[in-house]
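Structure record follows, encoded as structure tokens.
Just so we're on the same page: letters track the sequence lines, and every chain starts at 1. Note: hydrogens, waters and symmetry copies are ignored here, and every other heavy atom, side chains too, is used. These numbers were taken from a predicted model, which means no experiment stands behind them.
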Protein chains: 2
Amino acid sequence: MNDEPQLTRIQTRNRAAILSGGLDAFSIAGFRGATLDQIAEAAGLSKPNLLYYFPSKDAIYTALLEHLLATWLDPLHALDADGDPVEEILAYAQRKLVMSRDYPRESRLFANEILAGAPQIGAVLAGPLRELVDEKAVVMRGWMDAGKIRRTDPHYLIFSIWALTQHYADFDVQVRAVLGQADPFEGAGRFIDQLYRSLLDTAHDDHL
Amino acid sequence: MNDEPQLTRIQTRNRAAILSGGLDAFSIAGFRGATLDQIAEAAGLSKPNLLYYFPSKDAIYTALLEHLLATWLDPLHALDADGDPVEEILAYAQRKLVMSRDYPRESRLFANEILAGAPQIGAVLAGPLRELVDEKAVVMRGWMDAGKIRRTDPHYLIFSIWALTQHYADFDVQVRAVLGQADPFEGAGRFIDQLYRSLLDTAHDDHL
DNA sequence: TCTTGATTTGACCGAACGGTCAAACAAACG
DNA sequence: CGTTTGTTTGACCGTTCGGTCAAATCAAGA
């Protein structure tokens, strides 16, 4: 049942350090561009010691992707069919934006994997991810049929939320270069709110 | 004046093949992840022959980025302060989307460079790009002051267009995995149109 | 035709790569 | 304390990396 039966303190500490170092390296340079020496230095370990805890570079990368995927879809999962439609979608977008703010390395790791053609997680995209998206698309279509939000394509709506929120993690360097020093996430949150409210709210144009 | 005074047919053909092969390799794996052997094979040349036309891996990468930057900002440049505000912004978004459809490798090359921290084009982002964005933000603010489009933050509006359009090039694999086989760009164009029309149009809620 | 310059390549270089291994070292526990 | 298990590392291996070079080949004009 339990994959990791007993871990010593040292194992827990060093495995975490390796995963953090690997996240640093892979999220910047991708799988092929990152090196074990970089990861070892970031983790504060020697390269052979690193390979004492993980059998290969691949294993570190796979562990990171698995851990990522385990939480990456939570915000969409939490979209509640019984909640207020506009507020549910807005809250989903805000959750995704918070993830971009708090876990930018994870977002960039994901982006690098997709850019490389999703060699590791391609099956997840075409399987569980697609099913989840389709399920939530049905929910949204129900809201549209009920006249609670304006009619639009639910799949592209979800894509737009992914794009808008992950942009602030993946293209952080560009955003900050254009905006100057300020923290972009507050303004981004406000804009995204306004954008989807004006798209989804039926109060504005329908029965006035 | 002219950087490349005379190029033989062979030089023209082989330089183009190398740049295309480099674009393939760098856009998938990033600068560090791509190898000269990959580029040489994609270009149909031997590695030493490749280095006869370009002095180094860096030179290929730099040439690609320079060529990219020369055209990357054209769609935003074309945003006309004297045109119809809503249609200008919509047309800009559509131009960017067409670039994602027709030049996905260039978009992914750019994405990889930014993800890596923009080591080569950081100065361009903080310089010419920022100035261009600020200039167009002033134009948009003028439109808002004149009541021609709804008031919002011009910088985040531009970011949102970048995010929404480049997403379909950079995350193409993911989009196609979720949608199935279909071509995503037609639907994306429709959605983006609807999205920005509902955000920007003042006809709906203001003076009704 | 011959010659000259442009092009191509096999062989090679030192460095960096992912990974191995035996030996040294530290921690826990009786 | 000694022993046993867990941990760390220096030295090393084969491969791949970016890049070099002299020699071979090709193209084109006199």
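If you measure from atom CD1 of A/Ile39 to atom C1' of C/dG19, you get 13 Å, rounded to the nearest angstrom. In this structure, the CG atom of A/Asp37 is 15 Å from the P atom of C/dT20, given to the nearest Å. Distance CG (A/Leu51) to P (D/dC12): 19 Å, rounded to an integer number of Å. With rounding to whole Å, B/Asp58 atom CG is found 12 Å from D/dG19 atom C1'. Following rounding to the nearest Å, A/Glu41 (CD) and C/dA16 (C1') show an atom-to-atom distance of 15 Å. Atom pair B/Arg15:CZ and C/dA6:P shows a separation of 15 Å (rounding to whole Å applied). Rounded to an integer number of Å, the gap from B/Lys47 NZ to C/dT7 C1' is 19 Å. Taking atom CG on B/Leu50 and atom P on C/dT8, their separation rounds to 11 Å, with Å as the unit.
Considering only side-chain N and O atoms, A/Tyr52 lies under 4.0 angstrom from the phosphate OP1 or OP2 of D/dT7. Checking the phosphate oxygens (OP1, OP2) of D/dT8, a side-chain nitrogen or oxygen of A/Tyr53 falls inside 4.0 Å. Proximity of B/Gln11 to the phosphate of C/dT7: a side-chain N or O atom is located under 4.0 Å from OP1 or OP2. Within the structure, a side-chain polar atom (N or O) of B/Thr8 is placed less than 4.0 Å from OP1 or OP2 of C/dT7. Listed pair A/Asn49 / D/dT9 meets the phosphate criterion, a side-chain N or O lying under 4.0 Å from OP1 or OP2. A close approach under 4.0 Å does not occur between any side-chain nitrogen or oxygen of A/Asn14 and OP1 or OP2 of D/dG6.
Ring planes of B/Phe31 and B/Phe26: parallel class, angle under 30° (limits at 30 and 60°). Taking the six-membered ring for Trp and thresholds of 30 and 60 degrees, A/Phe171 and A/His167 have nearly parallel ring planes, at less than 30 degrees apart.
Listed nucleotides C/dT9, D/dG19, C/dC17 differ in distance to B/Ser46; the shortest reach to its side chain belongs to C/dT9. The nucleotide whose nearest atom lies closest to any side-chain atom of A/Ser56 is, among D/dG19, C/dC17, C/dG19, C/dG19. For A/Thr35, taking side-chain heavy atoms from C-beta onward, the closest of the listed nucleotides C/dG18, D/dT8, D/dG6 is C/dG18. With distances taken from any side-chain atom of A/Lys57 to the nucleotides D/dC17, C/dG18, C/dT20, the minimum falls on C/dG18.
Here A/Ala34 lies in heavy-atom contact (under 4.0 Å) with sugar-phosphate atoms only. Residue contacts for A/Leu36: at a heavy-atom cut-off of 4.0 Å it reaches the sugar-phosphate backbone alone, with no base atom in range.
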Q: Please test B/Tyr168 against B/Ser107 for side-chain hydrogen bond (donor to acceptor under 3.5 Å, both in side chains), starting from the C-alpha separation and ending with a verdict.
A: CA-CA 10 Å; B/Tyr168 291 95; B/Ser107 184; over 6 Å; no

Q. Passes side-chain contact (heavy atoms from CB on, under 4.5 Å), B/Leu199 versus B/Leu157? Steps please.
A. CA-CA 10 Å; B/Leu199 172 71; B/Leu157 175 57; 4.0 Å; yes

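Between A/Glu87 and A/Arg197, at least one side-chain N (NZ, or NE/NH1/NH2) sits under 4.0 Å from a carboxylate O, which counts as a salt bridge.
Between B/Ile10 and B/Arg32, the residue anchored nearer the 5' end of DNA chain D, judged by the nucleotide with its closest heavy atom, is B/Arg32.
Put simply, the side chain of B/Thr152 does not reach to within 4.5 Å of the side chain of A/Leu195, judged on heavy atoms.
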